Participant: 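I'd like to ask you about the structure that follows.
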Amino acid sequence: EKGNYRHFMQKEIFEQPRAVSDTIKPYMNFETGKVVLPYATFLEEVFKDVSRIVFTACGTSYHAALVGKYMFESMLRIPCNVELASEFRYRDPILDGKTLVVGISQSGETADTKGAISLARDAGCPTCSIVNVVGSSLARMTDAVIYTHAGPEIGVASTKAFTAQLAALALMVLYASCVRNAGETDLHLRFKEDLLRMPGLMEEILGSHEILQDWAMDIHHALSALYLGRHVLFPIALEGALKLKEISYIHAEGYAAGEMKHGPIALVDENLPVVCLMQHGVIGEKIRSNLQEVEARGGRVFLVADELAAQEAGLESKLSYIFKVPICHDLLSPLLFVLPMQLLAYYVAVERGTDVDQPRNLAKSVTVE
Ligand code: M6R
């Protein structure tokens, strides 16, 4: 039921603080401060001597996988690869018994993701899935399962399943840190504390949704849009562009901001909205120069920045479009930055009068290749 909401997608966007909190709570033992993964105890032995993790998924779940790589490599120094399931399964990848293969899927029924996991199993790899639908095919195929507790997702555009997947990945990082005796550093404690703060911070952002409604008024006539991000916000740029394409039918591309000069800058003119995602610190600095390049060519910048980044860059008075996001551990910032991406796509689609929950040509789960 949609309740007071006009669309399921809108309802699901606003449900995210709950979806994330429901995903975290059952897996946190608040007495010991440790993560428990009841359907994934198999991972305890695996994490002791895993040499590599391969994440595989499609669409939005693939974007969650990309964030997973940043989290695992940075927190645990375990090398990771992220693979589109449809590519991975047909290219005879190099796999062995020390490679953990993790399939991420909302539905647990995506044909290519299932195919990728079958391949991994046949190659003798330990497997794990992060799925939202209990008892789904993928959950049944893997040695270990981490369920996201987003609840049923009806809108074809994935929203709350994505943030719940990010929370599940963060829990997996904390679990692995503990197994590998790396869990007590300040870095890990701060990561854990911030994970627990996520639902509240997400709530704060959703409270400012009207700003995105205003942005949508100035974007909905565009023929194309560019999304730029770096580091852990690069996958969020990809996700922002996918959301816009999928439900508003405006062409959009997500790019690693550093690639701007290698091609997409040729597209910039006064008609191209450029959505920039910016964290504070060294990486944020780099985005600032991209932003100046866009402005110098008459492009319209829509900046989503954490509170410090906007201040550091002295941009607050200079730009017409700024959306601010609270500060948190940088590896968790995707959980926050994705919310304005979803809201913007949603409001643009509403403005264009498209069928938000059932966009043309798309199915909720892609069970055939
Ligand atoms: O159920 P899954 O997570 O495996 O689905 C994967 C993709 O089909 C899905 O994320 C798709 O890209 C969404 N419509 C994106 O909003």
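Just so you know, these numbers use all the heavy atoms, side chains as well, and skip hydrogens, waters and symmetry mates. In this text the structure is predicted, and so the values were computed from the model without any measurement. Both ligands and their constituent atoms are indexed starting at 1 by order of listing.
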Participant: Flag Lys364 as yes when one of its N or O atoms lies below 3.5 Å from any N or O atom of ligand 1, and as no otherwise.
Facilitator: no
Participant: Identify the closest protein heavy atom to atom 4 (O) of ligand 1: which residue and atom is it, and at what distance?
Facilitator: Thr110 OG1, 2.5 Å
Participant: Between the side chains of Glu239 and Tyr62, does any donor sit under 3.5 Å from an acceptor?
Facilitator: no
Participant: Under 4.0 angstrom from ligand 1, any heavy atom of Lys243?
Facilitator: yes
Participant: Under a 4.0 Å threshold between the charged nitrogen and the carboxylate oxygen, would Arg89 count as salt-bridged to Glu83?
Facilitator: no
Participant: At the 4.0 Å heavy-atom cut-off, does Cys58 count as touching ligand 1?
Facilitator: yes
Participant: With backbone taken as N, CA, C and O and side chain as the heavy atoms from C-beta onward, which portion of Thr60 lies under 4.0 Å from ligand 1: side chain, backbone, both, or neither?
Facilitator: both
Participant: Can you spot which of Val131, Asn132, Thr60, Ile130 makes a side-chain contact (heavy atoms from CB on, under 4.5 Å) with Gln106?
Facilitator: Asn132
Participant: Classify the ring geometry of Phe72 against Phe55: parallel below 30°, tilted from 30° to 60°, perpendicular beyond 60°.
Facilitator: tilted
Participant: Knowing that exactly one of Leu189, Ile24, Leu169, Val35 qualifies, which makes a side-chain contact (heavy atoms from CB on, under 4.5 Å) with Leu174?
Facilitator: Val35
Participant: Considering heavy atoms of the protein only, find what lies nearest to atom 8 (O) of ligand 1 and give residue, atom and distance to 0.1 Å.
Facilitator: Val366 CG2, 4.0 Å
Participant: Is the Tyr27-His149 ring centre distance short of 6.0 angstrom?
Facilitator: yes
Participant: With only distance considered, is Gly108 within less than 3.5 Å of ligand 1 through an N or O on each side?
Facilitator: no
Participant: Hey, is ligand 1 close enough to Glu246 that some N/O pair sits below 3.5 Å?
Facilitator: yes
Participant: What orientation do Tyr5 and Phe14 show, parallel under 30°, tilted 30 to 60°, or perpendicular over 60°?
Facilitator: parallel
Participant: Can you report which non-hydrogen protein atom sits closest to atom 1 (O) of ligand 1, along with the distance?
Facilitator: Ser107 OG, 2.7 Å
Participant: Could you tell me whether Gln106 and ligand 1 have an N or O pair separated by under 3.5 Å?
Facilitator: yes
